[in-house]
Amino acid sequence: MKIATWNVNSLTARLQHVLDWLIANPVDVLCLQELKMTDDKFPLEVLKSAGYEAAVFGQKTYNGVAILSLAPVRDVVKNIENFADEQSRVIAATIETPSGPLRVVNCYFVNGQEPGSEKFAYKMKWLGALHDYLAREIAAHPNLVLLGDFNVTPEDRDSFDPVGLKETIHHTTEERNHFKALLDLGLTDSFRMFEQPEKSFSWWDYRMLGYQKNRGLRIDHILVSEPLVPRVTGCVIDRVPRKWEKPSDHAPVVLELGPGA
DNA sequence: ATGGTCGCTAAGCGA
């Protein structure tokens with residue numbers, strides 16, 4: 001089965017891209033971030049016509065996340081449990097698969113603007129809360145996928161300019177330590193299980209011909225829990241829709257899972 | 001050269 005993540009930067013602006021991409025890439029699960037719409041505006045019917053159910057956690061203007069799935073979703077949880085958050089950034093759900101239940105945790109991590117800012121402090125607090133929530137979530141659901149827009153480059157090789165951007169947003173030691181803490185929960189960055197092209201990125205700034213010059217960052221990730229690791233058969237970034245007219249600034253990332261034991 | 005480009009929403013914010 002295939003599970004994908006895509007920050008669409010407004011589902012209103014990108015609905016046709018999503019539909020076109022799903023026709024070419026009929027993944028089992030597609031997790032979306034930055035819907036930038038309230039639940040009542042979510043295009044449930046058109047996605048249903050495309051074969052997908054949806055669990056939605058929207059918000060006006062900013063943020064907003066959704067899980068699209070061919071198979072039914074259940075036990076939907078919105079937000080990080082025990083963390084008061086006014087922003088719609090996390091939605092989790094269980095999907096019944098032929099290999100058993102799979103917990104999917106879809107996140108739009110805080111951007112953080114710049115180190116030292118109030119938004120950065122919020123990012124650190126949010127990351128700490130996510131970590132504690134995930135520790136409980138993994139214990140309850142051994143087969144778990146954590147995916148989304150992490151707004152963190154895990155390593156220098158995930159940035160087009162790790163020297164010039166050292167300790168700037170998405171590159172700070174503090175952010176990377178939070179990413180490592182997620183790995184310490186037993187999660188594995190599926191993208192790095194495989195040989196990948198150098199300078200593989202998932203986001204490129206709209207400004208300064210960022211995409212054309214491949215001035216990008218790898219900040220969209222798919223992490224898998226320990227029992228899933230032997231089932232991972234691939235993880236790729238699909239740059240194709242980044243070349244379409246009026247693209248999202250992010251490209252989809254796609255995980256392939258084998259059937260397992 | 002202290003900007004640049006989007007999206008949302010109607011001047012400025014967030015990314």
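A, B, ... follow the sequence lines: proteins, then strands. Residue 1 opens every chain. Remember, it's a predicted structure, so these values are computed and weren't measured experimentally.
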Pairwise C1' distance for B/dA1 and B/dA10, with rounding to whole Å: 29 Å

Passing candidate, salt bridge (Lys or Arg N to Asp or Glu O under 4.0 Å) with A/R218, options A/D158, A/D156, A/D149: A/D158

P atoms of B/dG3 and B/dG12, separation to the nearest Å: 15 Å

Nearest-nucleotide pick for A/Y62, side chain only, options being B/dC13, B/dA15, B/dC8: B/dC13

Parallel, tilted or perpendicular: ring planes of A/F150 versus A/H221, cut at 30 and 60 degrees: perpendicular

Centroid-centroid under 6.0 Å between A/W244 and A/W21 rings: no

Residue-phosphate contact under 4.0 Å: A/K60 side-chain N/O, B/dC8 OP1/OP2: no

Residues, nucleotides or ligands: over 12 heavy atoms within 6.0 Å of A/K78 NZ: yes

Inter- and intrachain pairs under salt bridge (Lys or Arg N to Asp or Glu O under 4.0 Å), touching residues 57-66 of chain A, at least two apart: none

Whole angstrom value for the distance that separates C1' of B/dT2 from CD of A/E114: 14 Å

Separation of A/L144 CG from A/L185 CG (nearest 0.5 Å): 10.0 Å

First encountered from the 5' end of DNA chain B, between A/T61 and A/K119: A/T61

Most 5' of A/Q113 and A/K246 on DNA chain B, judged by nearest nucleotide: A/K246

Euclidean distance, atom CD of residue A/Q33 to atom P of B/dA15 [Å, nearest integer]: 14 Å

Touch class at under 4.0 angstrom, heavy-atom based, for A/Y211 against every strand present: nothing

Phosphate-side-chain proximity, A/K36 and B/dC6, N/O vs OP1/OP2 below 4.0 Å: no

Integer-rounded Å distance: B/dA15 C1' and A/E175 CD: 14 Å

Stretch residues 202-210 of chain A: residues that reach within less than 4.0 Å of DNA chain B through a heavy atom: A/Y206, A/R207, A/M208

Nearest-angstrom distance from the residue atom CZ of A/R242 to C1' of B/dC6: 10 Å

Exam field: side chain A/H170 to backbone A/N151, donor-acceptor pair closer than 3.5 Å: yes

Whole angstrom value for the distance that separates P of B/dC6 from CH2 of A/W244: 18 Å

